[in-house]
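What follows is one structure encoded as structure tokens, with my remarks underneath.
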Amino acid sequence: MSQSKTASPSFLARVPLWQQILVGLALGVVVGMLFKSGAQALMPVGTLFLNAIKMLIVPLVFISLVAGITAMSDSAKLGRISVKTITIYLITTAFAVSIGLLFGTLFSPGEGMHMVASGSAEAKQAPSLVQILVGLVPTNPVTAFAEGNILQIIVFAIALGVSMNLVGEKAAPAIRLFDSLAEVLYKLTDLVMRFAPIGVFALIAGVVASHGIEVLLPLAGVIGVIYLASLAHLLLIYGGLIGGLARLSPLRFFRGIAPALAVAFSTSSSSGTLPVSIECARKNLGVSQGVAGFVLPVGATINMDGTAIYQGVLALFIAQAFGIDLNAGQYLMIILTATLASIGTAGIPGAGLIMLGLVLSSVGLPLEGVALIAGIDRILDMARTTVNVAGDLMTTTLVGNSEKELDRDIYNSDNAA
Ligand code: ASP
């Protein structure tokens, strides 16, 4: 560690940011394991970094989306992009639950635990589809900004951008203003990201320090299965789609999104990672501001493949732990409810655990399962958030590529930050 402190700025400047962040991540894990209380004292440094990226979310989503829409001349394109985005999000999520169920069946992490249900816990009520749709339009955009309601901000931004396009000549100064503000916010994101190696280091050290081996060991099996299933989904499904469908290098994809994955892993928040994801998509993958500004914020709110994998594995784990046999209908029900529950999961730490109750109750599994997992949930959250963010970026790449909104020269260049 002392070496990195004494390194000259010129040396650091030569190391790409994604490598610096990964080093921060690895050092954070080591420091968290070795110096428990010392590592927890680093938490404020991590929180400071987290606050700085969160500060960017609302203005960045709003302004870059308006600027992106006004840059898209073809209005039919927006409809096409929306349909492609939602379709890919839904299909990959259904795949994710299935992979979770497959790994949960293959490795049976709950076998032999012999838990007994008492039937005292209660499930959370899911909002209805009508409620979700009605809630999309903000009655007051300022309230939506203040509350950080991303879906409402997206709806308002699209409406404003489309109106600006319709106005034509008179809207030109407004369009230029949003364009210029978007550039300023990208620069600000860039500046905040320079602190990412330190921020990620401090955040991960704190998390590792607060999860002792005694908490993790009894559930090591299920943790391992979730990490394995997540890795399989990342490499096979995402890597496969990027290479097979878009004919782009999966290796460059993963290298380009590494900063976003590291921030997702250490913060456990897709929404919090959003500014970093947008930056990676534009700067490293060469996706246009319009596509990145639309697909990523939508994804951070509704596309949660990692959460879906987690729910698939855990539904089986809990059934096995309580000695309950599931039939084919119940498997299908899990795929359906886990897909819907992952859509309803907020992109914040711990949200997936609350939604797990929904999945369990849909097939009559004991809700005490939620309590069983609560102590290790943060460790699982790190894996699922990483997959959630990778899924958003994979979809952005596919949509950008199919709409000719992806610059292959940038994607294939060696200058990724
Ligand atoms: N923490 C996850 C995310 O932000 C959501 C979850 O808890 O599953 O993507």
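Whatever order the structure lists ligands and atoms in, that order sets their numbers, starting from 1.
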> Between Arg384 and Asp305, does at least one N-O distance fall below 4.0 Å, as a salt bridge requires?
Replying inline: no
>> With respect to Gly347, determine whether any N or O atom, backbone or side chain, lies less than 3.5 Å from an N or O atom of ligand 1.
In response: yes
> Considering only heavy atoms of Asn388, which atoms of ligand 1 have at least one such atom less than 4.0 Å away?
Replying inline: 2 (C), 3 (C), 9 (O)
> Minimum heavy-atom separation for Met193 to Pro259, with atom names?
Replying inline: CE-CB, 4.1 Å
>> Looking only at distances, can you tell me whether any N or O atom of Ala346, backbone or side chain, sits closer than 3.5 Å to an N or O atom of ligand 1?
In response: no
> ligand 1 versus Ser271, non-hydrogen atoms closer than 4.0 Å: side chain, backbone, both, neither?
Replying inline: neither
>> Distance under 4.0 Å to a non-hydrogen atom of Thr307: what atoms of ligand 1 satisfy this?
In response: 5 (C), 6 (C), 8 (O)
>> Under a 4.0 angstrom heavy-atom cut-off, which atoms of ligand 1 come close to Thr345?
In response: 5 (C), 6 (C), 8 (O)
> With only distance considered, is Met304 within less than 3.5 Å of ligand 1 through an N or O on each side?
Replying inline: no
>> I'd like to check which ligand 1 atoms, numbered from 1 as shown, lie under 4.0 Å from a non-hydrogen atom of Gly350.
In response: 7 (O)
>> For atom 7 (O) of ligand 1, what's the nearest protein heavy-atom neighbour? Residue, atom name and distance, please.
In response: Gly352 N, 2.7 Å
> Taking side chain as C-beta onward, heavy atoms only, is Val387 less than 4.5 Å from Leu231?
Replying inline: no
>> Let's go through Tyr238 and Phe253 carefully: what are the C-alpha distance in whole Å and the side-chain angles of both, what is the deciding distance for ring-ring contact (aromatic ring centres under 6.0 Å, His included) to 0.1 Å, and is it a yes or a no?
In response: CA-CA 10 Å; Tyr238 297 161; Phe253 170 74; 7.5 Å; no
>> Once you restrict to heavy atoms under 4.0 Å, what part of Ile348 touches ligand 1? Side chain, backbone, both or neither.
In response: backbone
> Below 4.0 angstrom, N of the basic side chain to O of the carboxylate: do Asp381 and Arg378 qualify?
Replying inline: no
>> Can you name the atoms of ligand 1, numbered from 1 with element, that are less than 4.0 Å from a heavy atom of Ala351?
In response: 7 (O)
> How far is atom 9 (O) of ligand 1 from its nearest protein heavy atom, and which residue and atom is that?
Replying inline: Ser270 OG, 2.3 Å
> Among protein heavy atoms, which lies nearest atom 1 (N) of ligand 1, and at what distance?
Replying inline: Asp381 OD1, 2.7 Å
> Should Thr273 and Ile53 count as side-chain neighbours, where that means a heavy-atom distance under 4.5 Å?
Replying inline: no
> Testing Arg282, Lys77, Arg80 for salt bridge (charged side-chain N to carboxylate O under 4.0 Å, His left out) with Glu405, which one passes?
Replying inline: Lys77
> Can you check side chain to side chain donor-acceptor pair (under 3.5 Å) on Tyr310 and Asp377, steps first, answer last?
Replying inline: CA-CA 10 Å; Tyr310 154 95; Asp377 192 60; 2.7 Å; yes
> Which ligand 1 atoms are under 4.0 Å away from a heavy-atom of Ser268?
Replying inline: 1 (N), 4 (O)
> Side chains of Phe195 and Leu48: closer than 4.5 Å at any heavy-atom pair?
Replying inline: no
